[in-house]
Amino acid sequence: MQAFLKGGTSISTKPVKDKASVSGTGSAADSKKQKLIPWVEKYRPKCVDEVAFQEEVVAVLKKSLQGADLPNLLFYGPPGTGKTSTILAASRELFGPELFRQRVLELNASDERGIQVVREKVKNFAQLTVGGTRTDGKPCPPFKIIILDEADSMTSAAQAALRRTMEKESKTTRFCLICNYVSRIIEPLTSRCSKFRFKPLADKIQTQRILEICEKENVKITKEAMNCLIEVSEGDLRKAITFLQSASRLTAGKEITEEELVEIAGNLINNGHAATQLVNQLHDIIIEREDLSDKQKAVIAEKLAEVDKCLADGADEYLQMLSLFAVVMQQMTQNS
């Protein structure tokens, strides 16, 4: 996912509307198609100004767009904060709808992360010369953009190969690396990019966006359900919008209550089956405990961080939970 919208959709409906003016069934087909679009796609920002809560990133990008030039970029931060949406919106503003598909190559590095991808797809696209002008008369920059999503999943060899490609093709290509963990990107790559950290969205911003979507989709939601939705999404607007759409389908037009949202979120909330969710919940509980000293909280928090890192790297959940609870029990028993 990714900061999101102030409204609008990333999917152009102009061709459908043109057909509707000729055929009486066009508008009905358009309406049906719109309903089938996931809300996270339907309400993606179309321009940089629509990106929410990432003021520093937006300010720099707007300056770059005015000069029709961009540095190599590195976006990092939690999921659902708008990293991919931001660079796609910036690319559309740079190239316009006519040249966007020709000038932008988007790859998901978690699927295509080997050195062969860098040598073939990335290198071949980077070597292509660019041409063409925008029909609206705005300046069109003489370069292409390659977006590497989840770049922290790329192998070290692939990242090393990418470094050389970034150097050789700097005149015709800009790179945007997107990741959750900047520490997994090799130093030679990070030093070649302007780094931007995307913050988890504040509760107020999420609430505002959710209410806007509810108004446009004619969805009713209680105040308690809204608070629950913001809590379980943990700053991830993509997750919040997905839960909202699922809950609206479940209630079938009725007002969404807290019970429905808990049911949609599933056992993650009720029973803590997912280890990563359990780590987050346990962290909040430990911090608020008054019967633990600051030193005991620090020891447990350090272990929570280690376990979270191991889980992100694919470690066995059962073993990590055993290791974590051993430390928690050791600290808790000191008070007994």
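Side chains included, hydrogens not; waters and symmetry mates left out as well; all remaining heavy atoms used.
- Residue Leu73 holds its CG atom at 5.0 Å from SG of Cys176, rounded to the nearest 0.5 Å.
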Practice item. Step by step, work out the side chain to side chain contact (heavy atoms under 4.5 Å, CB included) result for Val57 and Val51. Key: CA-CA 9 Å; Val57 183; Val51 174; over 6 Å; no
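- Glu255 and Thr222 share no donor-acceptor pair across their side chains, judged by distance under 3.5 Å alone.
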For residues 179-190, which side-chain N or O atoms pair as donor and acceptor with protein atoms under 3.5 Å away, sequence neighbours left out?
unit_1 : atom_1 : unit_2 : atom_2 : d
Asn180 : ND2    : Gly77  : O      : 3.0
Arg184 : NH2    : Asp313 : OD1    : 2.7
Glu187 : OE1    : Thr190 : OG1    : 3.4
Thr190 : OG1    : Glu187 : O      : 3.0

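- Arg103 contributes atom CZ, which lies 9.5 Å from atom CD1 of Ile145 (distance to the nearest 0.5 angstrom).
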Exercise for review: Using the side chain to side chain contact (heavy atoms under 4.5 Å, CB included) rule, take Gln331 and Ser293 through it: C-alpha gap first, then chi angles, then the decisive distance, then the call.
Suggested key: CA-CA 10 Å; Gln331 298 301 314; Ser293 67; over 6 Å; no
Check your understanding: Hey, mind stepping through Arg209 and Glu212 against salt bridge (charged side-chain N to carboxylate O under 4.0 Å, His left out) and telling me if it holds?
Key -> CA-CA 5 Å; Arg209 294 295 177 264; Glu212 288 177 5; 3.5 Å; yes
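- In this structure, Ile213 and Leu244 have side chains that are in contact, with non-hydrogen atoms separated by less than 4.5 Å.
- Side-chain atoms of Thr173 come within 3.5 Å of backbone N or O of Ala126 as a donor-acceptor pair.
- For Glu217, the CD atom sits in a packed shell: over 12 heavy atoms of surrounding residues, nucleotides or ligands are nearer than 6.0 Å.
- Annotation: side chain of Lys220 is not in contact with side chain of Ile256 (no heavy-atom distance under 4.5 Å).
- At least one test fails for Arg197 against the ring of Tyr76: distance under 6.0 Å to the centre or angle within 45° of the axis.
- The minimum heavy-atom distance between Leu61 and Ala90, with the atom names listed, is CD1-CB, 4.4 Å.
- In this structure, Cys228 and Glu258 approach most closely via the heavy-atom pair CB-CG, 3.9 Å.
- Counting all heavy atoms, side chain and backbone alike, Ser248 lies closest to Val219 at CB-CG2, 4.0 Å.
- Contact annotation: the side chain of Ser170 never approaches that of Arg192 to less than 4.5 Å [non-hydrogen atoms, C-beta and beyond].
- Formation of a donor-acceptor pair under 3.5 Å by the Gln102 side chain with backbone atoms of Leu99 is not found in this model.
- A distance of 9.5 Å separates NZ of Lys199 from CD1 of Ile205, quoted to the nearest 0.5 Å.
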Point to revise | Full working for side chain to side chain contact (heavy atoms under 4.5 Å, CB included) between Phe100 and Leu94 | key: CA-CA 8 Å; Phe100 174 77; Leu94 270 175; over 6 Å; no
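- Atom CD1 of Ile37 and atom CD of Gln245 lie 10.0 Å apart (nearest 0.5 Å).
- Remark: Glu150 CD to Ile178 CD1 distance equals 9.5 Å, nearest 0.5 Å.
- In this structure the side chain of Arg289 reaches within 4.5 angstrom of the side chain of Met332, judged on heavy atoms.
- The CG atom of Leu324 lies 8.5 Å from the CD1 atom of Ile300; values are rounded to the nearest 0.5 Å.
- Checked by atom type and distance alone, the side chain of Glu106 never pairs as donor or acceptor with a backbone atom of Ile147 at under 3.5 Å.
- Phe198 and Phe75 have tilted rings, their planes meeting at an angle from 30° to 60° on a 0 to 90° scale.
- Nearest heavy atom pair, residue Glu167 against residue Arg164, reads OE1-NH1, 3.0 Å.
- Counting side-chain heavy-atom gaps under 4.5 Å among Ile, Leu, Val, Met, Phe, Trp and Tyr, the cluster of Val327 also holds Val299.
- Using a 3.5 Å distance cut-off with no hydrogens or angles, the side chains of Thr257 and Glu260 do pair a donor with an acceptor.
- Note on Val328 and Ile287: separate hydrophobic clusters, where clusters join Ile, Leu, Val, Met, Phe, Trp and Tyr whose side-chain heavy atoms are under 4.5 Å apart, directly or indirectly.
- Considering only heavy atoms from C-beta on, Gln206 stays 4.5 Å or farther from Asp236 through its side chain.
- Here the shortest heavy-atom pairing between Leu177 and Cys193 reads CD1-SG, 4.3 Å.
- Remark: side-chain polar atoms of Asn72 are paired, donor with acceptor, to backbone N or O of Phe175 under 3.5 angstrom.
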Review point. Please walk me through it: do Glu231 and Asn227 pass side chain to side chain contact (heavy atoms under 4.5 Å, CB included)?
Key: CA-CA 6 Å; Glu231 181 182 352; Asn227 293 335; over 6 Å; no
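- Side-chain contact between Val40 and Thr242 is present, with at least one heavy-atom pair separated by less than 4.5 Å.
- Using a 4.5 Å heavy-atom cutoff, the side chains of Glu169 and Thr172 are in contact.
- Residues Met154 and Leu162 have side chains in contact (heavy-atom distance under 4.5 Å, counting atoms from C-beta outward).
- Side chain of Gln281 to backbone of Leu278: no donor-acceptor contact under 3.5 angstrom is found.
- Lys83 places a side-chain N or O within 3.5 Å of a backbone atom of Pro78 that can act as its donor or acceptor partner.
- With hydrogens and angles disregarded, no donor-acceptor distance shorter than 3.5 Å links the side chain of Ser91 to the backbone of Val104.
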Point to revise | Derivation of the side chain to side chain donor-acceptor pair (under 3.5 Å) call for Ser323 and Lys303 | key: CA-CA 9 Å; Ser323 176; Lys303 184 60 181 177; 2.6 Å; yes
